[in-house]
Number of protein chains: 2
Amino acid sequence: MLTSERKAFILDRLRRDGRIVAKTVAEALGLSEDTLRRDLRELAAEGLLLRVHGGALPASPAIAALPARWSVSPQSKMAVAAVAARMVQPGQVIILDGGTTSVQMARLLPRDLAATVVTHSPSIAVELAGHERITVEMIGGRLFRHSMVAMGTVAVEMIAGIRADLFFLGVTGVHPDYGVTTGDAEEAAIKRALARQAAETVVLASAEKLGAVSPFRVLPLTEIDSLVVEADTAPALLAPYRDRGITIIQAEG
Amino acid sequence: MLTSERKAFILDRLRRDGRIVAKTVAEALGLSEDTLRRDLRELAAEGLLLRVHGGALPASPAIAALPARWSVSPQSKMAVAAVAARMVQPGQVIILDGGTTSVQMARLLPRDLAATVVTHSPSIAVELAGHERITVEMIGGRLFRHSMVAMGTVAVEMIAGIRADLFFLGVTGVHPDYGVTTGDAEEAAIKRALARQAAETVVLASAEKLGAVSPFRVLPLTEIDSLVVEADTAPALLAPYRDRGITIIQAEG
DNA sequence: CTTGACTCTGCACGTTTATGCACGTTTTGT
DNA sequence: ACAAAACGTGCATAAACGTGCAGAGTCAAG
């Protein structure tokens with residue numbers, strides 16, 4: 001049995017039973033408890049479950065719903081998300097876009113932050129359930145499965161009635177000439193609509209996105225105010241954005 | 001039972017009963033009172049409950065962590081959810097209410113079912129991410145933390161534009177005279193609004209809800225079409241509903 | 001085919017955590 | 001004031017844990 005198969009099995013079992021007992025599952029799979037514990041530790045590190053003494057419990061379902069893409073570069077996204085989370089001031093109204101980085105960011109918002117979060121991503125809404133002092137405004141509409149966000153006319157209408165201080169935008173490409181881009185036209189339009197309603201737009205740019213271009217443009221760079229990047233991003237990669245007057249916010253090493 | 005599960009159980013019980021008697025719970029869980037007292041002490045240290053002589057009381061009126069309720073006993077509500085999930089026909093438009101039973105039901109919908117699900121619960125939306133052939137319509141609005149559903153005027157407006165075949169309603173009380181009830185007035189209103197838009201209303205009634213009454217009425221029994229209950233529900237408990245012409249759907253043992 | 005780098009797994013070890021019992025103290029109710 | 005219940009603490013035991021290490025397997029370069 002492959003390691004990844006095993007991990008899938010663990011997650012599946014966790015969903016079915018609502019819990020994992022390390023010893024039991026190790027027996028069921030004919031493996032040593034050591035290996036299983038290792039798996040649990042790794043899955044927990046990816047945020048896919050909650051490690052507890054004796055086994056594991058479900059993490060928030062929000063994260064589990066976006067499993068595949070997590071493998072990309074968790075630590076990079078985590079660092080970017082952490083910095084972005086610290087940018088939010090008490091009392092502000094912020095818009096959170098969909099995507100794994102944003103979900104992570106929601107999770108990393110200070111526990112006692114009093115603010116309003118507008119989002120079209122149910123994953124983020126679920127993630128914020130634990131933040132007692134955050135008011136969550138959910139934008140409705142038809143759910144776009146790929147990125148788990150509400151879209152369509154209904155969503156756009158609802159967005160039009162909002163004014164926010166900050167918009168944290170997640171994209172798949174950030175390029176000096178082509179601006180920020182994403183893989184779906186409708187999604188690009190929604191992101192654009194969200195950006196229009198915020199005083200400031202902040203792009204969450206984990207490592208692999210810099211210099212990348214996707215089919216549909218969300219915004220030109222002129223519409224971007226800040227760019228959050230990792231600590232070890234090459235200065236040369238950042239220069240073009242800085243030259244265009246975009247504030248670069250870098251996670252410290 | 002895992003330690004953290006046990007703590008979740010304690011908090012759940014505390015929320016349900018409004019208090020914890022150390023001795024009683026220790027017996028119920030088959031543990032020494034020492035262990036239980038230790039748990040109570042620790043939970044109190046975390047500020048999750050108020051330790052008093054003989055047991056514990058809620059720390060603040062509204063410590064309601066929905067995720068905690070999950071780990072407690074997924075099995076009990078599972079049966080009701082499973083039966084309800086099988087009621088959905090291909091091509092139908094259904095409305096799913098919030099609550100743990102509904103989330104479980106969403107999860108148990110057939111993998112290959114092609115249907116449309118309307119919901120005001122982000123948890124359910126997230127849960128349905130894996131169901132490729134289900135179209136999810138998310139209802140927006142301000143998130144009501146306790147039960148993780150969108151509420152408010154925006155939600156009501158959006159609901160008004162929907163027509164569905166079935167509405168699966170989750171409540172906290174089902175009573176022959178008082179009808180179906182829940183703990184929050186606004187929530188009751190939203191549920192009522194949802195019921196108005198569906199041709200048929202189905203109540204998900206796990207065991208402990210039958211005969212219970214909560215402060216706010218959602219609907220009188222005359223507005224209810226079906227009632228889904230567990231396999232081992234006493235026939236005497238069901239008779240009043242059957243007499244009123246409500247279809248009883250019982251999970252098989 | 002061989003070698004070396006790498007990954008995965010299980011084992012051994014010392015450490016941490018959870019639990020129940022014993023005992024003395026505090027609180028409660030009468 | 002007194003007895004009973006509830007409590008906290010210290011302690012012993014067992015389970016769960018993390019780490020370092022070694023053997024087996026995989027893969028690519030030589």
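This structure is a prediction, so every number in the text was calculated from the model and none was measured. All values below were derived from every heavy atom in this structure, side-chain atoms included, with hydrogens, water molecules and symmetry-related copies excluded.
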* In whole angstrom, give the distance that lies between atom CG of A/Leu40 and atom C1' of C/dT9. => 15 Å
* Under 4.0 Å: is that the gap between some side-chain N or O of A/Thr35 and OP1 or OP2 of C/dT9? -> no
* To the nearest angstrom, how far is B/Asp39 atom CG from C/dA18 atom C1'? -> 10 Å
* Asked: Expressed in angstrom and rounded to an integer, what is the separation of A/Glu27 atom CD from D/dA15 atom P?
  -> 13 Å
* Asked: Atom CD of B/Glu42 and atom P of C/dT17: how far apart are they, to the nearest Å?
  -> 11 Å
* Between A/Leu31 (CG) and C/dC11 (C1'), how many Å, whole number? -> 14 Å
* Asked: Can you tell me how far CG of B/Leu2 sits from CZ of B/Phe9, rounded to the nearest 0.5 angstrom?
  -> 14.0 Å
* To do: To the nearest Å, give me how far apart CG (B/Leu2) and P (C/dA18) are.
  => 11 Å
* Asked: Can you give one letter per nucleotide of nucleotides 3-10 of chain D, going 5' to 3': B for a protein heavy atom under 4.0 Å from the base, S for sugar-phosphate only, - for none?
  -> ---SBSB-
* Asked: Distance from A/Leu221 atom CG to A/Asp243 atom CG, nearest 0.5 Å?
  -> 11.5 Å
* Asked: Just how far is it from atom CG of A/Leu14 to atom CG of A/Leu43, taken to the nearest 0.5 Å?
  -> 9.0 Å
* To do: Determine yes or no for a side-chain-to-main-chain donor-acceptor pair under 3.5 angstrom, with A/Tyr241 supplying the side chain and A/Val174 the backbone.
  => yes
* Does a nitrogen or oxygen in the side chain of A/Thr3 sit under 4.0 Å from OP1 or OP2 of C/dT9? -> yes
* **Atom-pair distance (CD on B/Glu5; C1' on C/dA18), nearest Å** => 15 Å
* More than 12 heavy atoms from other groups under 6.0 Å of NZ on A/Lys7 -> yes
* Side-chain donor-acceptor pair present, A/Asp97, A/His120, cut-off under 3.5 Å -> yes
